[in-house]
A.B. asks: 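Right, I'll just put the structure down here and ask away after.
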Amino acid sequence: MARNSKKIGRNEPCPCGSGRKYKQCCMKKTSDVAESLAEQYFRKHKIRLKSARDIEGIRTCGELVMATFDEVKKILVPGTTTEDINTVVHEFTVKHGATPAPLNYNGFPKSVCTSVNEVVCHGIPGPYVLKDGDIIDVDITSILNGYYADCNQTFFIGTPSSEAERLVDITRECLRRGKEMARPGNHIGDIGWAIQQFAESRGCSVVRELVGHGVGFDFHEPPEVPHFGRRGYGVKIVPGMVFTIEPMINLGKRQVRTLDDHWTVVTKDGSLSAQFEQTFVITENGCESLTPFDL
Ligand code: MF3
Ligand code: CO
Ligand code: CO
């Protein structure tokens, strides 16, 4: 024990047997490896790994986002307008010292995205009156103390059709299966693979044009997280990564188009589309949602 516990001097022969000085051999290698995962991920992939302190900041922001959903849920009934949802999100967010990230983001005019029925994502709140049988995705992103958390959920207005219920259940299961793949040692492509396998096995399709993304210091950071793809492809997942998974699943074909407002993305075939999103942090042995709801 005494021998092993002795610290190796910088100028002593390297214990690996190379014949070189320790400082010119393994000392350098071990300290490089220990220090540089974050540096390496930034250099190679432009991915900023998050510290424990950063994760705490994103978690606190996520708690505010989830509290905002509790307020929104109270008004998700026939007769409510999507503008009403915007008002609730904007006022609740600002009242708690945070900023709604969508407002003025690349010119987006409102504080939340509200995407009804065949709208895939980026729906702009306005005079539309929700009616019985609609499905609506509400996508909330807040900035609190400089940290971003991003989350969306699809809700039923009144009583859903059986096809709407089926689509929403499949989409939620897609996020659950994607989340299961988000752990150290797996690749980003494994997430999309799991989602695509499941969605297509149920006769639904996966939107390709919009993807999950790194998040936390900014609204959209590297890496991109596609909801389709191949096992073993893409960046290797490591602890400290924070990213969203946010599958958009269509009942019909996967093709989409953007309306003249330059934001609203709809299915080309007019079929229903649903989405669920959470912000995840990769831990030593899996992941943790920083915007949790039941999957
Ligand atoms: N919240 C969306 C996402 O999940 C992005 C919305 S951008 C906006 O990435 F400008 F439309 F708000
Ligand atoms: Co997102
Ligand atoms: Co979002």
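Note that ligands are numbered from 1 as they come in the structure, with each ligand's atoms numbered from 1 the same way. Note that the coordinates shown come from a computational prediction; the quantities given were computed from them, not determined experimentally.
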A.B. asks: List every atom of ligand 1 that sits less than 4.0 Å from any heavy atom of Phe219, numbering the atoms from 1 in the order shown and giving each element.
C.D. replies: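 By the 4.0 Å cutoff, the relevant atoms are 1 (N), 5 (C), 6 (C).
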A.B. asks: Has Glu246 got an N/O/S atom less than 2.8 Å from the Co ion (ligand 2)?
C.D. replies: yes
A.B. asks: Can you report which non-hydrogen protein atom sits closest to atom 3 (C) of ligand 1, along with the distance?
C.D. replies: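 Looking at atom 3 (C) of ligand 1, the protein heavy atom closest to it is Asp150 OD2, 3.3 Å.
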A.B. asks: For ligand 1, which atoms sit closer than 4.0 Å to a heavy atom of Glu277?
C.D. replies: 4 (O)
A.B. asks: Quick check for you: to the nearest 0.5 Å, what is the distance between Phe276 atom CZ and Lys179 atom NZ?
C.D. replies: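 Phe276 CZ to Lys179 NZ: 14.0 Å, rounded to 0.5 Å.
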A.B. asks: Quick check on the hydrophobic clustering: are Phe280 and Ile58 connected, directly or via other members, by side-chain heavy-atom contacts under 4.5 Å?
C.D. replies: no
A.B. asks: Taking both backbone and side-chain atoms into account, decide whether His213 has an N/O/S atom under 2.8 Å from the Co ion (ligand 2).
C.D. replies: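 Yes - counting backbone and side chain alike, His213 has an N, O or S atom under 2.8 Å.
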A.B. asks: Quick check: Glu246 and ligand 1, any N/O pair under 3.5 Å apart?
C.D. replies: yes
A.B. asks: For Asp137 and Ser115, which I'm curious about, is there any donor-acceptor pair between the side chains at under 3.5 Å?
C.D. replies: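 Side-chain D/A pair, Asp137 to Ser115: absent.
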A.B. asks: Please report which non-hydrogen protein atom sits nearest to atom 7 (S) of ligand 1, along with the residue it belongs to and the distance in Å to one decimal place.
C.D. replies: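 Here the nearest protein heavy atom works out to Tyr105 CD2, 3.8 Å.
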A.B. asks: What is the name of the N/O/S atom of Asp150 that is nearest to the Co ion (ligand 3)?
C.D. replies: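 Result for Asp150 and the Co ion (ligand 3): OD1.
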A.B. asks: Taking atom types as modelled, find out whether His213 and Asp150 have a side-chain donor-acceptor pair closer than 3.5 angstrom.
C.D. replies: yes
A.B. asks: Which atom, among the N/O/S set of Glu277, is closest to the Co ion (ligand 3)?
C.D. replies: OE1
A.B. asks: Would you give the length of the straight line joining atom CD of Gln40 to atom CD1 of Ile47, rounded to the nearest 0.5 angstrom?
C.D. replies: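 It comes to 11.0 Å.
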A.B. asks: My understanding is that only one of Thr279, Ile195, Val211 makes a side chain to side chain contact (heavy atoms under 4.5 Å, CB included) with Ile245; could you say which?
C.D. replies: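 With Ile245 as partner, Thr279, Ile195, Val211 yield a single side chain to side chain contact (heavy atoms under 4.5 Å, CB included), made by Ile195.
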A.B. asks: Ignoring angles and geometry beyond distance, decide whether His213 reaches within less than 3.5 Å of ligand 1 through its nitrogen or oxygen atoms.
C.D. replies: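 Indeed, backbone or side chain, His213 has an N or O that close.
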A.B. asks: With atoms numbered from 1 as shown, which atoms in ligand 1 lie under 4.0 angstrom from a non-hydrogen atom of Thr141?
C.D. replies: 1 (N)
A.B. asks: Do the two ring centres, one from His122 and one from Tyr105, sit under 6.0 Å apart?
C.D. replies: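 No, they do not, as the ring centres are separated by 6.0 Å or more.
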A.B. asks: Looking only at protein heavy atoms, which one is nearest to atom 9 (O) of ligand 1, and what is the separation?
C.D. replies: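 It is His220 NE2, 2.7 Å.
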A.B. asks: Would Arg208 pass as a cation-pi partner of Phe228, given that its NZ or CZ must be under 6.0 Å from the six-membered ring centre and within 45 degrees of the axis?
C.D. replies: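 Yes, Arg208 and Phe228 form such a contact.
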A.B. asks: Checking a contact table here: which protein heavy atom is nearest atom 12 (F) of ligand 1, and how many Å away?
C.D. replies: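 Sorting protein heavy atoms by distance from atom 12 (F) of ligand 1 puts Pro102 CB, 3.1 Å first.
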A.B. asks: Specify the protein heavy atom at minimum distance from atom 2 (C) of ligand 1: its residue, its atom name, and the distance to 0.1 Å.
C.D. replies: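 Looking only at protein heavy atoms, the one closest to atom 2 (C) of ligand 1 is Asp139 OD2, 3.3 Å.
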A.B. asks: Would you call Asp70 and Lys73 a salt bridge, taking side-chain N to carboxylate O under 4.0 Å as the test?
C.D. replies: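 Yes, this pair counts.
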